[in-house]
Number of protein chains: 2
Amino acid sequence: MLNLLGEYHCKADAKGRVLFPARLKKQLENILHHGLVVNRDIFTQCLVIYPKPEWDKVNEEMSRLSRYNQKHQLFQRKFMKGATMIDLDAAGRMSIPSVLLEYIQINSKENDLVITGLGEKMEIWNSGAYQNQVLGDDMDFSDLAEEVRKDLDGKM
Amino acid sequence: MLNLLGEYHCKADAKGRVLFPARLKKQLENILHHGLVVNRDIFTQCLVIYPKPEWDKVNEEMSRLSRYNQKHQLFQRKFMKGATMIDLDAAGRMSIPSVLLEYIQINSKENDLVITGLGEKMEIWNSGAYQNQVLGDDMDFSDLAEEVRKDLDGKM
DNA sequence: AATTAATCACTTTTTACCACTTTTTACCAC
DNA sequence: GTGGTAAAAAGTGGTAAAAAGTGATTAATT
């Protein structure tokens with residue numbers, strides 16, 4: 001089972017290309033050649049990268065939605081809008097669409113970013129935002145954990 | 001059941017590598033070859049090391065979280081951010097990612113650290129911080145103990 | 001003797017550029 | 001409106017130098 005790990009600090013070049021971290025490459029060696037899918041995260045100002053096989057699962061879930069149900073369509077649109085298939089070039093770089101980079105406030109001046117492995121997916125963050133949001137205060141983490149634990153106990 | 005013990009003082013070399021204490025190695029002899037996972041502690045400025053099998057349990061729980069639930073995602077991110085798989089090299093050293101060493105204020109000048117065994121996991125501390133926090137004031141320990149005792153009686 | 005620390009040489013990865021190609025945009029003539 | 005062209009922008013590919021990571025050996029300490 002896929003268990004992507006690690007936190008990698010890297011940079012976008014002037015053209016919005018990001019060298020895919022070598023360590024992540026190793027963790028994905030069997031499936032990286034299938035490509036990756038990048039998209040905006042629904043809840044947070046970061047991007048999500050799925051290895052193609054993972055994205056296929058997501059897509060499969062989406063395909064079960066009803067074409068004739070407005071809410072389903074809205075949900076699908078929110079979740080999938082902007083999703084883009086990307087491959088690594090010969091030098092191991094991924095070319096991330098500029099609209100997605102803009103979403104996380106990355107440009108030719110602000111070009112430090114963080115890629116993190118999170119099990120079956122990865123996330124791309126603006127370096128500054130990562131410091132604030134993710135490494136920020138964890139006063140309420142116990143409460144959060146408790147709520148999540150209830151969900152897990154409840155079902156799933 | 002795993003019961004790691006002891007307090008070990010060691011040093012990071014110029015490249016951020018730490019020789020894994022021989023005594024801990026002995027305590028882990030059957031499972032060390034599966035590797036280790038290091039991460040930031042959520043509440044305190046120290047690192048946590050899980051033997052891989054322990055981490056797998058954590059990961060299994062994480063995989064039950066919902067991709068479409070904001071709190072679940074937040075929880076996963078807070079908990080897994082930065083977690084990194086490490087193996088010991090031929091000399092028995094673990095190469096700890098520099099971002100994690102920075103978190104506990106370890107660098108080429110400040111390179112003294114303490115590794116402690118805590119049952120099923122270990123912790124890595126900046127030596128100075130360890131003196132202060134762990135050996136520091138214990139005025140309120142009785143209160144703490146009392147609160148924890150209530151939690152334990154209550155459930156768990 | 002075994003464990004830990006320090007050092008050096010070497011390899012891989014990452015960054016920062018440069019040169020070139022393709023695509024898009026803007027403008028003008030027909 | 002259609003077609004053409006030039007300029008601008010965006011996208012690709014490649015490489016040298018810097019930085020980071022790795023392996024191996026020697027020295028010091030317990």
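Lettering follows sequence order; numbering is per chain, from 1.
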Peer 1: May I ask you to say what A:K26 touches in the nucleic acid, namely base, sugar-phosphate or nothing, with a heavy-atom cut-off under 4.0 Å?
Peer 2: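 Result for A:K26 = sugar-phosphate.
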Peer 1: Taking 4.0 Å as the cut-off, does a side-chain nitrogen or oxygen of B:S95 come that near to OP1 or OP2 on D:dT22?
Peer 2: yes
Peer 1: Can you tell me how the ring of B:Y130 sits relative to the ring of B:W125, calling it parallel under 30°, perpendicular over 60° and tilted otherwise?
Peer 2: perpendicular
Peer 1: Would you kindly give the CG-to-P distance between B:L19 and D:dG23, to the nearest whole Å?
Peer 2: 15 Å
Peer 1: Is the shortest side-chain heavy-atom distance between B:D56 and B:H34 below 4.5 Å?
Peer 2: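 They are not in side-chain contact.
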Peer 1: I want to confirm an ordering. Mapping A:D13 and A:P97 to their closest nucleotides on DNA chain D, which one lands closer to the 5' end?
Peer 2: A:P97
Peer 1: Give me the ring orientation class for A:F79 and A:Y50: parallel if the planes are under 30° apart, tilted from 30 to 60°, perpendicular past 60°.
Peer 2: tilted
Peer 1: Please answer whether the main-chain N or O of A:V48 pairs with a side-chain N or O of A:D41 as donor and acceptor at a distance below 3.5 Å.
Peer 2: no
Peer 1: Between atom CD1 in A:I86 and atom P in D:dG11, what is the gap in whole Å?
Peer 2: 13 Å
Peer 1: Check if the side chain of A:R93 and the base of D:dG14 share a donor-acceptor pair of N or O atoms closer than 3.5 Å.
Peer 2: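 Yes, the side chain and the base share a sub-3.5 Å donor-acceptor pair.
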Peer 1: Determine whether a donor-acceptor pair (N or O, by modelled atom type, separation under 3.5 Å) exists between the side chain of B:Q27 and the backbone of B:L5.
Peer 2: yes
Peer 1: Starting at the 5' end of DNA chain D, which residue's closest nucleotide do you reach first, A:A91 or B:A90?
Peer 2: A:A91
Peer 1: Looking at A:K121, is its backbone amide N or carbonyl O close enough to the side chain of A:E54 to form a donor-acceptor pair, meaning the two atoms are under 3.5 Å apart?
Peer 2: no
Peer 1: For a 4.0 angstrom threshold against heavy atoms of chain B, report the outermost contacting nucleotides of DNA chain C in 5' to 3' order.
Peer 2: C:dT3 to C:dA9
Peer 1: Please answer whether the main-chain N or O of A:A12 pairs with a side-chain N or O of A:N111 as donor and acceptor at a distance below 3.5 Å.
Peer 2: yes
Peer 1: Taking Watson-Crick (N1-N3 plus N6-O4 or O6-N4) and G-U wobble (N1-O2, O6-N3), each under 3.5 Å, can you produce the dot-bracket string of DNA chain C? Use [ ] for crossing pairs and | for inter-strand ones.
Peer 2: ||||||||||||||||||||||||||||||
Peer 1: Select base, sugar-phosphate, or nothing to describe what B:K15 touches, counting heavy atoms under 4.0 Å on all strands.
Peer 2: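 Counting heavy atoms under 4.0 Å across all strands, the contact made by B:K15 includes a base.
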Peer 1: Under the 3.5 angstrom rule, does the side chain of B:Q73 hit a backbone N or O of B:S66 as a donor-acceptor pair?
Peer 2: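 Yes, B:Q73 side chain to B:S66 backbone: donor-acceptor pair under 3.5 Å.
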Peer 1: Between A:T84 and A:G82, is there a donor-acceptor pair closer than 3.5 Å when you use the side chain of the first and the backbone of the second?
Peer 2: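 Yes; at least one donor-acceptor contact below 3.5 Å.
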